[in-house]
Participant: 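Take this structure, written in structure tokens, and hold onto it; I'll ask about it next.
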Amino acid sequence: MNKNSNLYIVIYSTVMVVVVATLLAVAALALKSRQDANILNEKKEAILASLSLQGQNYDEVIEAFVVNEKGEKMEGADPIQLLFDLPTAFAENTLPVFQAADGRIVVPVSGVGLWGPMWGYVALEKDMNTISGIVLDHAGETPGLGAEVATRKHQAMYKGKTIFEGEEFVSVTLRKGGAKDPNHEVDAISGGTKTSDGVTAMLKTSLGAYLPLLKVSAVAPCCAECAEATECETNKVANNE
Amino acid sequence: MSNKNLKYLTGPFSANNPVIVQILGICSALAVTVQLKPAIVMALSVTAVTAFANLVMSLLRKGLPSRIRIIVQLVVIATLVILVDQVLKAFVYDVSKQLSVYVGLIITNCIVMGRVEAFALGNGPWASFLDGIGNGLGYGLILVIIAFFRELFGAGTLYGFRVIPESWYIAEGGFYANNGLMLFPPMALILCGCIIWVHRSKNKDLQEK
């Protein structure tokens with residue numbers, strides 16, 4: 001048969017495509033469980049990293065639960081599984097919360113950058129106001145520009161920022177040209193304006209969804225602002241545990 | 001192994017090196033050489049892809065319609081790269097995250113297609129396989145050399161282990177600071193140029209008149 005006849009080429013390419021498709025499908029299915037386990041592990045590590053508890057055993061230090069839009073605990077949903085599809089979780093008001101043994105909580109955030117989805121984990125101190133740590137990640141922001149949000153250097157700037165001004169929720173804003181407000185702003189990424197805007201919007205909407213929970217769980221900072229000494233004592237006991 | 005086959009394997013290490021003699025695959029050599037670990041994983045991945053792409057194309061070469069030759073090559077290479085990517089994601093997830101898009105970009109690495117087109121289509125499977133391994137390792141050798149210097153002087157570590165003591169650093173009261181330029185791609189290009197310089201000064205027959 002003539003190797004350059006149309007019929008030969010059509011048959012040749014058809015067979016090739018079928019063989020390749022089968023091969024890739026088999027490989028993808030065979031490796032899927034391992035890959036999913038890796039992704040799950042990465043999410044747990046990210047939650048621990050936002051709390052600066054790297055290397056600790058996730059199952060020992062984290063208690064996970066799900067709340068609805070009113071901040072009430074819900075039964076039936078697996079918090080860690082919700083992380084695999086955060087946009088849907090937020091849309092359906094099934095909000096996963098990860099509480100550390102010391103009372104700090106981690107809430108996931110989900111949004112979009114310039115090129116695709118972004119997500120992250122925000123750890124809040126017991127006052128439910130001060131950011132204790134943050135981990136941000138993205139699917140495909142521009143390396144060297146927008147992708148800088150996923151670096152430790154950028155994420156270190158969030159530590160100690162507060163998301164409330166008095167009683168009002170203001171979130172944290174990424175300010176182009178450098179942060180002006182020392183409490184609620186961090187430097188935006190130069191060359192990554194769209195990504196920075198995406199992070200600002202992501203923090204605002206995602207943290208906003210947790211407001212009822214944050215207001216309920218907030219523990220007043222100890223001593224000076226404590227109305228009653230007994231409340232302060234209970235806090236101290238809780239801290240030591 | 002016959003002398004001729006041995007030459008297919010070892011030729012690309014020095015005299016016919018794909019990176020510093022043929023100047024192929026420079027892009028990824030700049031991108032993944034900040035640290036040794038991703039450089040080594042990248043080198044092994046490219047070696048696997050070149051070797052098996054050469055092997056498969058050499059086996060197919062007799063029945064291959066020359067009019068769709070390039071497309072078939074691309075399909076074979078792309079399949080192998082996707083397999084490598086899947087395996088990395090399953091077994092060395094952290095490295096696969098570090099390499100990110102560059103694993104996918106092995107498809108566009110000129111070394112792979114260059115060897116298939118120039119060698120595998122005209123030689124037997126065993127020789128092609130060896131040629132693929134040789135070229136992959138030749139590429140990897142340069143990657144490892146560049147990554148060695150970049151990680152040592154850029155971060156003070158090798159393969160993640162601290163080599164330059166913490167106490168030497170200015171922050172700890174010492175006298176030493178990491179060279180930040182080492183972490184950026186231009187330095188990889190400069191190092192690559194230095195390697196070519198040293199290599200050509202030792203190999204007079206490579207010098208252009």
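A, B, ... follow the sequence lines: proteins, then strands. Residue 1 opens every chain.
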Participant: Around A:Y158, counting heavy atoms of other residues, nucleotides and ligands shown, do more than 12 lie under 6.0 Å from its OH?
Facilitator: yes
Participant: Is B:V72 close to chain A through its backbone or its side chain, or both, or neither, when contacts mean heavy atoms under 4.5 Å?
Facilitator: both
Participant: Is it true that a side-chain atom of A:K3 and a backbone atom of B:K62 form a donor plus acceptor pair closer than 3.5 Å?
Facilitator: yes
Participant: Can you confirm whether B:R162 is buried at CZ, in the sense that more than 12 heavy atoms of other residues, nucleotides or ligands lie under 6.0 Å from that atom?
Facilitator: yes
Participant: Contact between A:D137 and B:K97 at the side-chain level, heavy atoms closer than 4.5 Å - yes or no?
Facilitator: yes
Participant: Using atom types as modelled and distance alone, determine if a side-chain donor or acceptor of A:N38 lies under 3.5 Å from a backbone N or O of B:Y93.
Facilitator: no
Participant: Are B:K89 and A:D36 close enough, and set up right, to give a salt bridge (charged side-chain N to carboxylate O under 4.0 Å, His left out), and what steps lead you there?
Facilitator: CA-CA 9 Å; B:K89 276 198 181 120; A:D36 284 350; over 6 Å; no
Participant: For B:K7, look at atom NZ and say whether over 12 heavy atoms of other residues, nucleotides or ligands are found less than 6.0 Å away.
Facilitator: no
Participant: Quick check: does any side chain N or O of A:Q35 sit under 3.5 Å from a backbone N or O of B:Q86, one acting as donor and the other as acceptor?
Facilitator: yes
Participant: Return the minimal non-hydrogen interatomic distance between B:S66 and A:N4, and the atom names on each side.
Facilitator: OG-ND2, 3.3 Å
Participant: Look at atom CZ of B:F161 and say whether more than 12 heavy atoms of other residues, nucleotides or ligands are closer to it than 6.0 Å.
Facilitator: no
Participant: Looking at B:F149, I want to see if its CZ is surrounded by more than 12 non-hydrogen atoms of other residues, nucleotides or ligands under 6.0 Å.
Facilitator: no
Participant: Looking at every non-hydrogen atom in both residues, tell me the closest pair between B:V87 and A:L31 and how far apart they are.
Facilitator: N-CD1, 3.9 Å
Participant: Check step by step if side chain to side chain contact (heavy atoms under 4.5 Å, CB included) holds for A:N6 and B:R67.
Facilitator: CA-CA 10 Å; A:N6 287 347; B:R67 275 160 60 188; 3.5 Å; yes
Participant: Are A:Y8 and B:I68 side-chain neighbours, meaning at least one heavy-atom pair lies under 4.5 Å?
Facilitator: no
Participant: Do other residues, nucleotides or ligands put more than 12 heavy atoms under 6.0 Å from the CZ atom of B:F184?
Facilitator: no
Participant: Please identify, among A:N2, A:V20, A:L23, A:N41, the residue contributing the most non-hydrogen atom pairs under 4.5 Å to chain B.
Facilitator: A:V20
